[in-house]
Amino acid sequence: MSQLSKSTIVRDVAAADVPQLLTMIQALARFHEDTPQITEEALHRDVFGASPWIHVLVAEANERLLGYAALCPLMQLQNGKRGLDLHHLYVEAEARGAGIGRALIAASIEKARMLSCAYVSVSTDADNSKAANVYLTCGFEERQSQGRRFRLDLGH
């Protein structure tokens with residue numbers, strides 16, 4: 001594939017997409033040498049539950065998902081600014097190079113605007129210059145991390 005097919009659409013994920021989405025999430029986890037623990041039940045809870053936690057967009061062609069973007073809410077409370085973190089961006093190997101990643105990024109930016117967000121953030125592995133170049137060409141600016149972060153494991 002060299003360009004985005006006219007039959008490819010980017011849309012909000014539907015409950016019927018969860019099995020295909022789960023497979024892609026697991027593939028991305030394995031790529032990053034993580035052991036995926038996500039379940040269909042957890043996806044339904046986090047995307048479609050009483051208190052949805054994330055927004056997921058999918059790229060689809062011919063009734064098959066080719067990629068997804070998962071967006072998590074952020075906040076700069078002191079400034080009254082909402083944001084979204086582009087937490088996951090994934091495109092199936094055979095669909096890469098066709099503009100699907102860029103279409104998902106553009107749709108993520110539009111979703112942020114629809115949700116009255118002031119910004120979208122994304123991070124990538126330090127060695128992933130290809131992804132960094134894509135984000136830069138899509139208008140993102142590189143920022144250095146500020147401060148230290150901490151985490152408390154709650155055992156769930």
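Start at 1 with the first residue, then count along the sequence. The structure displayed is predicted, hence computed values, not measured ones.
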Using a 6.0 Å cut-off, check whether atom CG of Asp127 has over 12 heavy atoms from anything other than its own residue. no

Of all the heavy-atom pairs spanning Cys72 and Ile54, show the shortest one and how long it is. SG-CG2, 3.7 Å

Backbone of Ala131 reached by a side-chain donor or acceptor of Asn128 within 3.5 Å: yes

Which atom pair, heavy atoms only, marks the closest approach of Gln76 to Tyr119? CG-OH, 3.6 Å

In terms of hydrophobic clusters joined by side-chain contacts under 4.5 Å, are Met75 and Leu86 together? no

Taking Val56 as the starting point, is it possible to reach Ile25 by hopping between hydrophobic residues whose side chains are less than 4.5 Å apart? yes

Is there a donor-acceptor contact under 3.5 Å from the side chain of Asn133 to the main chain of Ser129? yes

Cation-pi between Arg30 and Tyr90: NZ/CZ under 6.0 Å from ring centre and within 45° of the ring axis? no

When every non-hydrogen atom of Ala16 is compared with those of Pro19, the smallest separation belongs to O-CD, 3.5 Å

Distance, nearest 0.5 Å, that separates NZ of Lys130 from OG1 of Thr124: 12.0 Å

Report, as yes or no, whether the 6.0 Å neighbourhood of atom CD on Glu33 holds more than 12 heavy atoms from other residues, nucleotides or ligands. no

Is Val120 reachable from Val122 through a run of hydrophobic residues whose side-chain heavy atoms are each under 4.5 Å from the next? yes

Given side chain to side chain donor-acceptor pair (under 3.5 Å), test Arg143 with Ser121 step by step and report yes or no. CA-CA 10 Å; Arg143 300 184 62 153; Ser121 68; over 6 Å; no

The criterion is ring-ring contact (aromatic ring centres under 6.0 Å, His included); which residues satisfy it with His87, sequence neighbours excluded? none

If you group Ile, Leu, Val, Met, Phe, Trp and Tyr by side-chain heavy-atom gaps below 4.5 Å, do Val58 and Ile9 land in one group? no

Among all residues two or more places apart in sequence or in another chain, which pass the side chain to side chain donor-acceptor pair (under 3.5 Å) test with His88? Tyr68

Determine, step by step, whether His55 and Val13 satisfy the side chain to side chain contact (heavy atoms under 4.5 Å, CB included) criterion, reporting the C-alpha distance in whole Å, the side-chain angles of both residues, the deciding distance to 0.1 Å, and the verdict. CA-CA 8 Å; His55 301 277; Val13 69; over 6 Å; no

Kindly indicate, with the supporting measurements, whether the criterion side chain to side chain contact (heavy atoms under 4.5 Å, CB included) is fulfilled by Asp85 and Leu71. CA-CA 5 Å; Asp85 179 61; Leu71 303 156; over 6 Å; no

Closer than 3.5 angstrom, by distance alone: can the side chain of Asp34 be matched with the main-chain N or O of Pro36 as a donor-acceptor pair? no

Evaluate the side chain to side chain contact (heavy atoms under 4.5 Å, CB included) criterion for residues His44 and Val18: first the C-alpha distance (whole Å), next the side-chain angles of each, then the deciding distance (0.1 Å), finally the verdict. CA-CA 8 Å; His44 279 283; Val18 167; 3.7 Å; yes

Tell me whether Leu65 is reachable from Leu43 by hopping between hydrophobic residues (I, L, V, M, F, W, Y) whose side-chain heavy atoms are closer than 4.5 Å. yes

Residues 104-115, side-chain donor-acceptor partners within the protein, below 3.5 Å, at least two apart:
{"unit_1": "Ser108", "atom_1": "OG", "unit_2": "Leu104", "atom_2": "O", "d": "2.8"}
{"unit_1": "Lys111", "atom_1": "NZ", "unit_2": "Asp12", "atom_2": "OD1", "d": "2.9"}
{"unit_1": "Lys111", "atom_1": "NZ", "unit_2": "Asp12", "atom_2": "OD2", "d": "3.4"}

Side chain to side chain contact (heavy atoms under 4.5 Å, CB included) between Glu60 and Thr8, intermediate numbers included: CA-CA 5 Å; Glu60 176 187 44; Thr8 302; over 6 Å; no

Apply salt bridge (charged side-chain N to carboxylate O under 4.0 Å, His left out) to Arg64 and Asp17, showing your working. CA-CA 9 Å; Arg64 181 168 174 267; Asp17 299 324; over 6 Å; no

Quick check: closest heavy atoms across Leu28 and Leu89, and the distance to 0.1 Å? CD2-O, 4.3 Å

Spatial distance of atom CZ (Arg102) from atom OG1 (Thr137) [nearest 0.5 Å]: 3.5 Å

Indicate the atoms forming the closest heavy-atom contact of Val10 with Ala103, along with that distance. CG2-CB, 4.0 Å

Please find the pair of heavy atoms, one from Gln20 and one from Glu63, that lie closest to each other, and give the distance. NE2-O, 4.0 Å

